[in-house]
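Since this is a predicted model, take the numbers as computed values, not measurements. Numbers here are sequence positions counted from 1.
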Amino acid sequence: MSEEDEGMGGFESVDELQSHGINVQDISKLKAAGIVTVLGVAQTTRRHLLKIKGLSEAKVEKLKEVVAKILPPPFLTGTEIADRRQNVVYITTGSKSVDAMLGGGIPTQSITEVFGEFRTGKTQLCHTLCVSTQLPEDQQGASGKVAYIDTEGTFRPDRVKAVADRFGVDAAMALDNVICARAWSSEQQCDLLIELAVRFVEDRTYKLLIVDSIMNLFRQDYSGRGELSERQQKLNQFLARLQKLAEEFNIAVILTNQVQADPGAAAMFAAASSAKAVGGHILAHASAVRIQLRKGRGDERIAKLQDSPDMPEGEATYVLKSGGWEDPS
């Protein structure tokens with residue numbers, strides 16, 4: 001994507017609005033609220049903009065008018081959308097069979113959800129991707145940096161080093177290209193996205209955002225049925241912001257998720273896997289690609305593609321080695 005193309009897409013920084021008569025104070029208010037690109041302003045409702053302290057109705061209307069002039073027309077032809085899809089990069093999982101099932105790997109511009117019981121390799125996949133994202137594109141990487149939101153305290157630099165050794169990447173350099181934040185509450189988890197948006201505008205080399213795991217803190221902070229609707233609403237806002245980041249900055253977003261027993265399914269199909277992902281329909285609809293992991297024979301693991309806009313359902317086998325996800329020998 002050339003610089004000119006980036007400008008055309010409204011992906012430039014909100015600082016651009018200054019040359020269209022919006023004052024600096026208002027621009028910094030937008031940034032503080034996590035709205036960091038021109039497109040971000042267009043995607044935010046007037047109601048939400050009015051909630052930002054110091055933005056009057058007149059200012060919000062002016063913002064919307066200015067942004068409408070800068071942005072390209074909202075409707076594109078199928079050909080133009082196909083051109084935009086050319087920018088999608090597929091990042092290798094480390095296992096060729098899983099990559100083939102996914103149509104090349106984990107795609108940018110969309111959210112991929114990986115769920116399964118413990119010891120199926122969810123966090124191992126995250127550590128593998130921390131390095132594989134940095135590989136050049138001809139080696140099925142994205143030659144980009146990685147941002148990691150860790151909600152469970154499972155990020156291990158030593159694992160990243162082991163994966164780097166496998167791919168022949170300098171371990172110290174690999175670790176330098178990964179930024180990691182430990183989140184302790186669902187509110188902090190949401191605030192971290194605002195900070196990342198600012199980073200992504202300043203540094204366009206980020207290509208992957210990992211949230212490991214997506215539901216852990218939401219389940220901790222909201223308990224019981226009484227708080228379920230509030231939890232789902234907050235989760236929905238978090239996922240919407242993730243989707244915007246994925247499309248605005250052409251990054252891949254990968255979420256790991258926990259599972260819970262589904263007693264109904266267990267009774268009906270004793271043999272079938274009776275674990276279902278937590279987070280309900282809101283999370284299921286937000287993820288463009290959903291992969292279920294389960295244990296197979298011996299040390300084999302099975303990845304099942306449950307949902308994808310451009311690939312059929314399928315299964316692939318992989319194993320967990322010190323270098324991350326690999327094909328069974």
Novice: For Gly141 versus Val89, what's the shortest heavy-atom pair and its separation?
Specialist: O-CG1, 3.5 Å
Novice: Checking the side chain of Ser13 only, and the main-chain atoms of Thr37 only, is there a donor and an acceptor separated by less than 3.5 Å?
Specialist: no
Novice: Using side chain to side chain contact (heavy atoms under 4.5 Å, CB included), reason through Gln124 and Lys321 one step at a time and then give a plain yes or no.
Specialist: CA-CA 9 Å; Gln124 297 303 335; Lys321 294 276 179 74; over 6 Å; no
Novice: Just checking, is any N or O donor in the side chain of Thr93 or Ser95 under 3.5 Å from an acceptor N or O on the other one?
Specialist: no
Novice: Residues in salt bridge (charged side-chain N to carboxylate O under 4.0 Å, His left out) with Asp83, at least two apart?
Specialist: none
Novice: Spell out, yes or no, whether Ile214 and Ile111 are grouped together once hydrophobic residues are joined by side-chain heavy atoms under 4.5 Å, including indirect joins.
Specialist: yes
Novice: Is there a donor-acceptor contact under 3.5 Å from the side chain of Glu80 to the main chain of Thr77?
Specialist: yes
Novice: Leu30 versus Leu17: any side-chain heavy-atom pair under 4.5 Å?
Specialist: yes
Novice: Give me the atom names and distance for the closest heavy-atom approach of Arg290 to Ala284.
Specialist: NH1-CB, 3.5 Å
Novice: So how far is it from Arg294 CZ to Phe115 CZ, rounded to the nearest 0.5 Å?
Specialist: 10.5 Å
Novice: Would you list the pairs meeting side-chain hydrogen bond (donor to acceptor under 3.5 Å, both in side chains) in which at least one residue belongs to residues 181-199, sequence neighbours left out?
Specialist: Ser186-Asp221
Novice: Between the side chains of Asp327 and Tyr318, does any donor sit under 3.5 Å from an acceptor?
Specialist: no
Novice: Who pairs with Thr205 by side chain to side chain contact (heavy atoms under 4.5 Å, CB included), at least two apart in sequence or on another chain?
Specialist: Lys145, Asp203
Novice: Quick check: closest heavy atoms across Leu235 and Met215, and the distance to 0.1 Å?
Specialist: CD2-SD, 3.6 Å
Novice: Between Thr112 and Val253, does a side chain to side chain contact (heavy atoms under 4.5 Å, CB included) hold up when you go through it step by step?
Specialist: CA-CA 6 Å; Thr112 301; Val253 174; over 6 Å; no
Novice: Where do Ser97 and Ala316 come nearest, in terms of heavy atoms and distance?
Specialist: O-CB, 3.5 Å
Novice: Please determine whether residues Leu293 and Ile302 belong to a single hydrophobic cluster, defined as Ile, Leu, Val, Met, Phe, Trp and Tyr linked transitively by side-chain heavy-atom distances below 4.5 Å.
Specialist: no
Novice: Would you say that more than 12 heavy atoms from the other residues, nucleotides or ligands in this model lie under 6.0 Å from the NZ of Lys29, or not?
Specialist: yes
Novice: Parallel under 30°, tilted from 30 to 60°, perpendicular over 60°: which one fits the rings of Tyr206 and Phe200?
Specialist: tilted
Novice: Give, for atom CG of Leu125 and atom CG of Asp212, the distance between the pair rounded to the nearest 0.5 Å.
Specialist: 9.5 Å
Novice: Within a radius of less than 6.0 Å around CD of Gln237, do more than 12 heavy atoms belonging to other residues, nucleotides or ligands occur?
Specialist: yes
Novice: Would you say the side chain of Leu242 lies within less than 4.5 Å of the side chain of Leu255, judging by non-hydrogen atoms?
Specialist: yes
Novice: Evaluate the side chain to side chain contact (heavy atoms under 4.5 Å, CB included) criterion for residues Glu16 and Glu12: first the C-alpha distance (whole Å), next the side-chain angles of each, then the deciding distance (0.1 Å), finally the verdict.
Specialist: CA-CA 7 Å; Glu16 190 69 25; Glu12 65 265 83; 3.7 Å; yes
Novice: Strictly by modelled atom types, are Gln109 and Arg84 linked by a side-chain donor-acceptor pair under 3.5 Å?
Specialist: no
Novice: Under the side chain to side chain contact (heavy atoms under 4.5 Å, CB included) criterion, do Gln140 and Leu135 qualify, and how do the steps go?
Specialist: CA-CA 7 Å; Gln140 276 192 288; Leu135 298 173; over 6 Å; no
Novice: For atom NZ of Lys234, is the number of surrounding heavy atoms from other residues, nucleotides or ligands below 6.0 Å larger than 12?
Specialist: no
Novice: Let me confirm one number: the NZ-NE2 distance from Lys69 to His20, rounded to the nearest 0.5 Å.
Specialist: 9.0 Å
Novice: Could you check if a side-chain atom of Phe238 sits within less than 4.5 angstrom of a side-chain atom of Gln233, using non-hydrogen atoms only?
Specialist: no
Novice: Just to verify, what does Lys59 make a salt bridge (charged side-chain N to carboxylate O under 4.0 Å, His left out) with, not counting sequence neighbours?
Specialist: Asp26
Novice: Would you please say whether a donor-acceptor pair under 3.5 Å links the side chains of Ser213 and Glu152?
Specialist: yes
Novice: Considering only heavy atoms from C-beta outward, does the side chain of Val38 approach that of Leu71 to under 4.5 Å?
Specialist: yes
Novice: Just wondering, do Asp307 and Val289 contact through their side chains at under 4.5 Å, heavy atoms?
Specialist: no
Novice: May I ask you to decide whether Glu315 forms a salt bridge with Lys304, counting only side-chain N to carboxylate O separations under 4.0 Å?
Specialist: no
Novice: In terms of hydrophobic clusters joined by side-chain contacts under 4.5 Å, are Leu209 and Leu217 together?
Specialist: no
Novice: Between Ser287 and Leu283 (side chain of the first, backbone of the second, donor and acceptor by atom type, cut-off under 3.5 Å), is there such a pair?
Specialist: yes
Novice: Report yes or no: does Asn250 contribute a side-chain atom to a donor-acceptor pair with the main-chain N or O of Asn87 at less than 3.5 Å?
Specialist: yes
Novice: Name all residues meeting the salt bridge (charged side-chain N to carboxylate O under 4.0 Å, His left out) criterion together with Arg241; count only those two or more places apart in sequence or in a different chain, and write none if there are none.
Specialist: none
Novice: If you group Ile, Leu, Val, Met, Phe, Trp and Tyr by side-chain heavy-atom gaps below 4.5 Å, do Val98 and Ile291 land in one group?
Specialist: yes
Novice: Please tabulate, for side-chain N and O atoms in residues 44-51, each donor-acceptor pair with protein atoms closer than 3.5 Å (sequence neighbours left out).
Specialist:
unit_1	atom_1	unit_2	atom_2	d
Thr44	OG1	Gly40	O	2.7
Thr45	OG1	His48	N	3.2
Arg46	NE	Glu61	OE2	2.8

Novice: May I ask you to decide if Leu228's main-chain N or O and Gln232's side chain share a donor-acceptor pair within less than 3.5 Å?
Specialist: no
Novice: When you measure from the side chain of Ser28 to the backbone of Gln25, do you find a donor-acceptor pair of N or O atoms at a distance under 3.5 Å?
Specialist: yes
Novice: Rounded to the nearest 0.5 Å, what separation is found between the CD atom of Glu113 and the CD atom of Gln292?
Specialist: 10.0 Å
Novice: Any idea which heavy atoms bring Gly34 and Ala197 closest together, and the distance?
Specialist: O-CB, 4.3 Å
Novice: Contact between Val36 and Glu202 at the side-chain level, heavy atoms closer than 4.5 Å - yes or no?
Specialist: no
Novice: Tell me which one of Leu208, Val146, Thr133 satisfies side-chain contact (heavy atoms from CB on, under 4.5 Å) with Ile254.
Specialist: Leu208
Novice: Heavy atoms only: give me the nearest Ala164-Ala174 pair and the separation to one decimal.
Specialist: CB-CB, 4.1 Å
Novice: Are Leu39 and Ile194 linked, directly or through intermediate hydrophobic residues, by side-chain heavy-atom contacts shorter than 4.5 Å (ILVMFWY only)?
Specialist: no
Novice: Got Tyr148 and Val211 here, is their nearest side-chain heavy-atom distance under 4.5 Å?
Specialist: no
Novice: Within the distance-only criterion (no hydrogens, no angle test), does the side chain of Trp325 pair as donor or acceptor with the backbone N or O of Gly121 below 3.5 angstrom?
Specialist: yes
Novice: If we ignore hydrogens and angles and just use 3.5 Å, is the side chain of Thr256 paired with the main-chain N or O of Lys122 as donor and acceptor?
Specialist: no
Novice: Kindly say whether Arg119 contributes a backbone atom to a donor-acceptor pair with the side chain of Arg301 at under 3.5 angstrom?
Specialist: yes
Novice: Keeping Lys207 on the side-chain end and Ile91 on the backbone end, is there a donor-acceptor pair under 3.5 Å?
Specialist: no
Novice: So Lys96 and Glu326, salt bridge (charged side-chain N to carboxylate O under 4.0 Å, His left out) or not? Walk me through it.
Specialist: CA-CA 8 Å; Lys96 288 192 177 68; Glu326 291 187 26; over 6 Å; no
Novice: If we only count heavy atoms from C-beta on, is the Asp158 to Lys161 side-chain gap below 4.5 Å?
Specialist: yes
